[in-house]
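Hydrogens, waters and symmetry mates play no part in the numbers below; they use all other heavy atoms, side chains included. To find a chain, count down the sequence lines: A is the first, B the second, and so on, and within it residues start at 1.
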2 protein chains.
Amino acid sequence: MQRPVPLAQNSLLDALPTGDHAFLAPHLIQVELERGRLLYDPGDAIDHVYFPHDGVISLMTLMENGAAIESSTIGPEGALGLMAAVAPRQSLSRAIVQTPLRAARIGAERLHEAWERSPALRDLVDRHGEALYGHAIQSVACNALHSVEARFCRWLLTCHDRISTDTIALTQEFLADMLGVQRTTVTAVARSLQDKGLIRYRRGVVDIMDRAGLQALACECYGVIRNHYHRLLGT
Amino acid sequence: MQRPVPLAQNSLLDALPTGDHAFLAPHLIQVELERGRLLYDPGDAIDHVYFPHDGVISLMTLMENGAAIESSTIGPEGALGLMAAVAPRQSLSRAIVQTPLRAARIGAERLHEAWERSPALRDLVDRHGEALYGHAIQSVACNALHSVEARFCRWLLTCHDRISTDTIALTQEFLADMLGVQRTTVTAVARSLQDKGLIRYRRGVVDIMDRAGLQALACECYGVIRNHYHRLLGT
DNA sequence: GCCGCACTGTCGAGTACGCGACACTCAAGC
DNA sequence: GCTTGAGTGTCGCGTACTCGACAGTGCGGC
């Protein structure tokens, strides 16, 4: 499989001029986090900001009854908790590691200091917030208007863009949670996609076989969200 | 009917210290806009920012096929296009006037100048963006998980909070668009709510009869979103 | 007064998905 | 090897909502 774009380091960090990057560099720590790791729950103070290099973090809206549904995702083109660069903040979402993650982490206070000194960083934080908002409002529409199959395909593509293999470790149960549907529905859709030759799956693992085919079935939201990031962050 | 909170002028403007408010005041123009007026479409440059005094603006995500669905609303507790205070921006949503609107309007450039001089305004812009984001991600979950009836009730309550009467001018067709469902579904739900004595409606008009009853049927999202605004903007 | 239209009411068929139950199977651990 | 449990397959029923069609009805304009 040919990937659409090669994976770089984190796009936000790469976009910073060298001088500004130097404000951050001494405080960035490389971390590796396992799948399923909980980073934030709603109300948690944001004490660290994560810049993924490879892998995906899910942002999920948590309901009173414990149901959680994905509102957006954070990959190498973005950062988790970036709004805390401006001022101390609480997380609004649950943030969990969706695929094994390599990321650079920095303390929120250190980042804030850099933010005060770097106009380029301020601009980036601002644009990133806008892109994330665009991601969220597209998901609003998507959840209301599009079929589970279309959303399933969009999800696979978005995830595939952000990791370095064609194999995604992922149970149907987990995906059902993300999409906010029943597991049995996911099973049926996965079956149908496999029959069409677009994916192959076995216990807890999905292989992407035909990206173009998935794109044909995915809703427009996939492209729209990509474009937001492109336009606002120039990745 | 007793309203939960008395309507003030725009909360954001009120929250500014007098000195900072003075930066804006010379450039604020009072406008009255009729229902249905289109303020922005996706991609439009944001040249004016609106601070509602009374009435509601809907932000809608527009799909390729022309379908549009509400992602959030702007009332006297917020502002439309506020992110343009930071830097020139394009609208991501369609913004239309949902109920007859009185608002203060200011040119984006004037606002940006004030933003550069006023730390209080910068803080407010920032918090407002966060609240709007919280609104959006709650809507993501709501659209995926909650019934049309619950969302209908939430919508009525949110609208009611932001206007000064118990009567809302509103066709079922319009509401169906906002919620992203069929008109016939809205008709059925409206009928059921009227039978329960919670609302009364006639051609293009809905009267709120029993707020508490509506709250009982509305989903938790109503309260969650209110709390976001409360916590972040102290309204 | 009448016309035309926007808004609402209703009906029926079709479907996507929820929800619960249960059986099967692979993988890891002992 | 066997056990255990997590993950998957499947079935069936119920229901919320879609989709299209058409018939009423109040309101504004002429």
Residue set satisfying side-chain hydrogen bond (donor to acceptor under 3.5 Å, both in side chains) with A:Glu64, at least two apart, ordered chain then number -> none
Please tabulate the protein-to-nucleotide N/O contacts below 3.5 Å involving nucleotides 10-14 of chain C, giving atom names and distances.
unit_1, atom_1, unit_2, atom_2, d
C:dT10, OP2, B:Arg191, NH1, 3.4

### Pair A:Asp177 + A:Arg183, salt bridge at N-O below 4.0 Å
no
Original post:
So does A:Glu70 pair up with A:Arg151, basic N to acidic O under 4.0 Å?
Top reply: no
Rounded to whole Å, the CG-P distance (A:Asn65 to C:dC19) equals 10 Å
Atom CD of B:Gln172 and atom C1' of C:dT8 are separated, to the nearest Å, by 6 Å
* With a 3.5 Å cut-off and no angle check, do the side chains of B:Thr167 and B:Asp207 form a donor-acceptor pair? -> yes
Quiz item: Is the shortest side-chain N/O distance from A:Gln182 to OP1 or OP2 of C:dC17 below 4.0 Å?
Solution: no
Checklist entry - Touch check for A:Thr185, heavy atoms < 4.0 angstrom, all strands: base, sugar-phosphate only, or nothing? => result sugar-phosphate
With no hydrogens and no angle check, is any side-chain donor or acceptor of A:Ser192 less than 3.5 Å from a backbone partner on A:Ala188? no
When rounded to the nearest 0.5 Å, the distance separating OH of B:Tyr201 from CG of B:Leu156 is 12.0 Å
Open item on the list: For B:Glu130 and B:Arg127: C-alpha separation, side-chain torsions, deciding distance, then whether salt bridge (Lys or Arg N to Asp or Glu O under 4.0 Å) applies.
Closed with: CA-CA 5 Å; B:Glu130 189 80 351; B:Arg127 289 169 177 275; over 6 Å; no
Donor-acceptor contact below 3.5 Å, side chain A:Asn10 vs main chain A:Pro52: yes
Between the CD1 atom in B:Ile69 and the SG atom in A:Cys142, the distance rounded to the nearest 0.5 Å is 10.5 Å
Output for pair (A:Ser93 OG, A:Ile57 CD1), nearest 0.5 Å, gives 12.0 Å
Sorted by chain and number, sequence neighbours left out, salt bridge (charged side-chain N to carboxylate O under 4.0 Å, His left out) with A:Arg203 holds for none
For A:Arg200, is the CZ atom crowded, meaning more than 12 foreign heavy atoms sit under 6.0 Å from it?
no
Just to be sure I understand the rule, does B:Phe174 reach a base, reach only the sugar-phosphate, or reach nothing, if contact means heavy atoms closer than 4.0 Å? nothing
Rounding to the nearest 10°, end axes of the helix from C:dG1-D:dC30 to C:dC30-D:dG1 built from five pairs each make an angle of 40°
Residues in residues 137-155 of chain A with a heavy atom under 4.0 Å of DNA chain C, by number, are A:Ser147, A:Val148
Heavy atoms, side chains only, cut-off 4.5 Å: are B:Phe174 and B:Ile96 in contact?
yes
From CD of A:Glu173 across to C1' of C:dT25 the rounded distance in Å is 16 Å
Side-chain atoms of B:Arg203 come closest, of C:dG9, C:dG18, C:dA6, to C:dA6
Its 5'-most and 3'-most nucleotides having an atom under 4.0 Å from a non-hydrogen atom of chain B, DNA chain D is contacted over D:dC17 to D:dC27
